[in-house]
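A quick note: this is a predicted structure, and the numbers were derived from the prediction, not measured.
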Amino acid sequence: MEQYIKNMERGAALEFASLVQYAEGQVVSRTLAQNDHVSLTLFAFAKGEEISSHASDGDALVIALEGEGRVTIDGQPHQLQAGASILMPAKKPHAIFATEQFKMFLAVVFPES
């Protein structure tokens, strides 16, 4: 049987944010799915850590799970706390900085080729 989502137990209720753990001085990621059409990844940022500015070919949805982070899109900062979300449009530069410990889920949908 082919698995489209990996790195999580099937058919079991779980605390989603617990699938990725904080590590001092690091950004930790756990890929759940990755192909030409979609990327699903959990992230745990130690306070003060970041993903520097870059652009993506796909629209990227950030859902904040724990803590607090700043998402900057095309030079415009947005503060996110647990429960909030933001859509980072394709081809616009964006960055993420953990103002506190910060866990997030990132779903990127890429254009059809």
Side-chain angles (χ1 to χ4, degrees):
M1 179 174 159
E2 192 167 359
Q3 293 185 3
Y4 303 106
I5 295 179
K6 60 184 182 178
N7 295 323
M8 60 186 299
E9 189 176 345
R10 299 180 168 295
L14 51 86
E15 177 62 38
F16 194 53
S18 72
L19 293 175
V20 65
Q21 301 303 313
Y22 297 110
E24 188 65 34
Q26 295 182 38
V27 176
V28 177
S29 66
R30 183 176 189 140
T31 301
L32 302 179
Q34 181 78 48
N35 60 43
D36 291 342
H37 306 289
V38 67
S39 174
L40 304 176
T41 311
L42 282 163
F43 288 92
F45 292 74
K47 181 178 180 177
E49 293 301 314
E50 66 182 321
I51 295 175
S52 60
S53 186
H54 63 284
S56 170
D57 289 335
D59 283 341
L61 174 65
V62 172
I63 301 171
L65 303 173
E66 286 182 8
E68 188 171 328
R70 181 176 60 243
V71 176
T72 302
I73 303 170
D74 208 15
Q76 188 74 8
H78 305 271
Q79 205 67 22
L80 289 187
Q81 295 180 338
S85 61
I86 193 164
L87 181 62
M88 302 183 297
K91 303 190 187 303
K92 296 284 184 184
H94 55 269
I96 300 168
F97 177 80
T99 52
E100 298 295 332
Q101 283 191 328
F102 183 56
K103 287 186 181 181
M104 64 175 232
F105 176 63
L106 177 67
V108 184
V109 178
F110 298 100
E112 292 188 32
S113 20

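Distance alone, capped at 3.5 Å, places no donor-acceptor pair between the Asp59 side chain and the Val109 backbone. When atom types are taken as modelled, the side chain of His37 and the backbone of Asn35 share no donor-acceptor pair closer than 3.5 angstrom.
Membership of the apolar cluster around Val71 extends to Val27, Phe43, Phe45, Ile51, Val62, Ile73, Leu80, Ile86, Met88, Ile96, Phe102, Met104, Leu106, Val108, Phe110, as traced through chained side-chain contacts below 4.5 Å between ILVMFWY residues. Met8 belongs to a hydrophobic cluster with Ile5, Leu14, Phe16, Leu19, Val20, Val28, Leu32, Val38, Leu40, Leu42, Leu61, Ile63, Leu65, Leu87, Phe105, counting contacts under 4.5 Å between side-chain heavy atoms of Ile, Leu, Val, Met, Phe, Trp and Tyr, direct or through other members.
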CA sep, side-chain torsions, deciding dist, call: Lys91, Asp57, side-chain contact (heavy atoms from CB on, under 4.5 Å): CA-CA 5 Å; Lys91 303 190 187 303; Asp57 289 335; 3.4 Å; yes
Lys47 vs Tyr22, side-chain contact (heavy atoms from CB on, under 4.5 Å): CA-CA, chis, key distance, verdict: CA-CA 9 Å; Lys47 181 178 180 177; Tyr22 297 110; over 6 Å; no
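Once rounded to the nearest 0.5 Å, the distance linking NZ of Lys103 with OG of Ser18 reads 6.5 Å. How far CZ of Arg30 is from NZ of Lys6: 10.5 Å, rounded to the nearest 0.5 Å.
Between Pro111 and Gly58, the closest heavy-atom pair is CD-CA, 4.2 Å. Residues His78 and Gln76 approach most closely at CD2-O, 3.1 Å, considering heavy atoms. Residues Ala44 and Gln21 approach most closely at CB-O, 3.5 Å, considering heavy atoms. Closest approach of Ala46 and Ala98 over heavy atoms only: O-CB, 3.5 Å.
Partners of Glu68 according to the side chain to side chain donor-acceptor pair (under 3.5 Å) rule, which considers only residues two or more places apart in sequence or in another chain, are Gln79, Gln81.
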